[in-house]
Amino acid sequence: MDSLTQIVLGASVAAVAVPARDRRVALVAGAVLGTLPDLDGLPLAWMGVDAVTNVTWHRGPSHSLPVLLVAGWLMWLLARRWSARVREAPRGWLVAIWLALITHPLLDAFTVYGTQLWWPSPTPPVMGGSVFIIDPLYTLPLLIAVIVAAVAGPRPRGRRWLSGALVLSSLYLGWSLVAQQWVDRIAARALAAQGLQDAPRVVVASPLNTLLWRVVVMTPDGFLEGERSLVADSGPMRFTHHASEVQALEALSQERAVARLRWFTHGFMKAARDGDDLIVSDLRMGAEPDYSFNYRVARWDDGTWRPVPVALQGGIRNARGMLGRTWQRIWASPG
């Protein structure tokens, strides 16, 4: 999720865990700890890693639950040594530190990007897809509650607002899972009619909302893409077929960058030819033909695809237009 959301979530969970007299301090500490896991981008930038390594190692070790539990305990030991307020309420502050840290990757796991909750296990990242990386309906209650709690200080009103906001935001996440499963069942019925009931598919919330959903289905020669508005659509779900350079992907399947992307995306990627270059796109983020992550991985040379140094090839070309179309599509079926 976006940084603001992680800041207010970390601040909220930390502030409800400590004694009232420590609430304002916990708001600040929780905000810092809540954004800490995303600082993994700094060492990756300093190391100058390639685009695929950078993307697939983000939300890696710094988002691992075992790593964060150990790190949180060590932070607590240091804080207990140097802070009288932590020594006076050690259990509450340990819970506050742990919650501020681990709620970050747990929330990230609801998005489709992929979060390596169990690193160093080699299992693919957890990708929920039930919320977009920015969702105002999740963030706004927490932001308001943090402001109220900061003003209220130790008064009971601050804890009531924080607790209420955490309940509301959690209920919203629950709704997103229900909506996602609802759309998945609709998609499954439509795909079964085409004999594709067992084809790999992913159901993803569209930008900034949980009313419009996108479904991607992998096929032997490419993929299908469909949308479902919970407001405007009725009847069977419809899909559009898109081709992919599947033979090129297969020929390059043992190359490090392609293999790493396949692992990271759970196989939801396409390959397209751009002149003599082969561009691999992550199908989970964006919509045909615009995707957030595109990589040049190979070049056609002497009748074969030869790997080249991986390069990131831009992203969404018209984000404002995509958001406008999303808003219109929520309320109107294409007919």
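Small disclaimer: the values here were computed from a predicted structure and weren't measured.
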Test side-chain hydrogen bond (donor to acceptor under 3.5 Å, both in side chains) on Asp108 and His104; report intermediate values, then the result. CA-CA 6 Å; Asp108 277 349; His104 180 123; 3.1 Å; yes
Please determine whether the number of non-hydrogen atoms from other residues, nucleotides or ligands lying under 6.0 Å from atom CH2 of Trp73 exceeds 12. no
Reported CE-to-OG1 distance for the pair Met127 and Thr265, which is rounded to 0.5 angstrom: 7.5 Å
Any idea how Tyr172 and Tyr138 line up, ring-wise: parallel (<30°), tilted (30 to 60°), or perpendicular (>60°)? tilted
Check: Tyr113 ring centroid to Phe264 ring centroid under 6.0 Å: yes
OG of Ser169 to CG of Asp135: how many Å apart, nearest 0.5 Å? 11.0 Å
Go through the steps to decide whether Ser229 and Trp331 satisfy the test side-chain hydrogen bond (donor to acceptor under 3.5 Å, both in side chains), and finish with yes or no. CA-CA 7 Å; Ser229 167; Trp331 310 108; over 6 Å; no
Same apolar cluster (I L V M F W Y, side chains within < 4.5 Å links), Met269/Met218: yes
CD of Gln197 to CG of Leu191: how many Å apart, nearest 0.5 Å? 8.5 Å
Is there a donor-acceptor contact under 3.5 Å linking the side chains of Thr56 and Arg260? yes
Looking only at the side chains, is there a donor atom on one of Thr5 and Asp2 sitting less than 3.5 Å from an acceptor on the other? yes
Do Glu88 and Arg21 pass the salt bridge (Lys or Arg N to Asp or Glu O under 4.0 Å) test, and can you show the C-alpha distance, the side-chain angles, and the key distance before you say yes or no? CA-CA 11 Å; Glu88 292 171 2; Arg21 66 178 182 276; 3.4 Å; yes
Does Arg329 pair with Asp233 as a salt bridge, N-O distance under 4.0 Å? yes
Run Asp282 and Arg284 through salt bridge (Lys or Arg N to Asp or Glu O under 4.0 Å) and show every step you take. CA-CA 6 Å; Asp282 186 336; Arg284 303 169 303 164; 2.8 Å; yes
One should read off an interatomic distance between Leu278 CG and Trp305 CH2, to the nearest 0.5 angstrom, of 4.5 Å
In Å, rounded to the nearest 0.5 Å, how long is the span from CD of Glu255 to CG of Leu261? 12.0 Å
Would you call Asp38 and His58 a side-chain contact if the rule is heavy atoms closer than 4.5 Å? yes
Looking only at the side chains, is there a donor atom on one of Trp118 and Ser64 sitting less than 3.5 Å from an acceptor on the other? no
Go through the side-chain N and O atoms of Asn209 and Ser206 and say whether any donor and acceptor fall under 3.5 Å apart. yes
Give a yes or no on whether a salt bridge exists between Arg201 and Asp184, defined as a side-chain N under 4.0 angstrom from a carboxylate O. yes
Any ion pair linking Lys270 and Glu245 (charged N to carboxylate O, less than 4.0 Å)? no
Please report whether the ring centroid of Trp76 lies less than 6.0 Å from that of Trp93. no
In terms of side-chain geometry, is the basic nitrogen of Arg256 or Asp50 positioned less than 4.0 Å from the acidic oxygen of its partner? yes
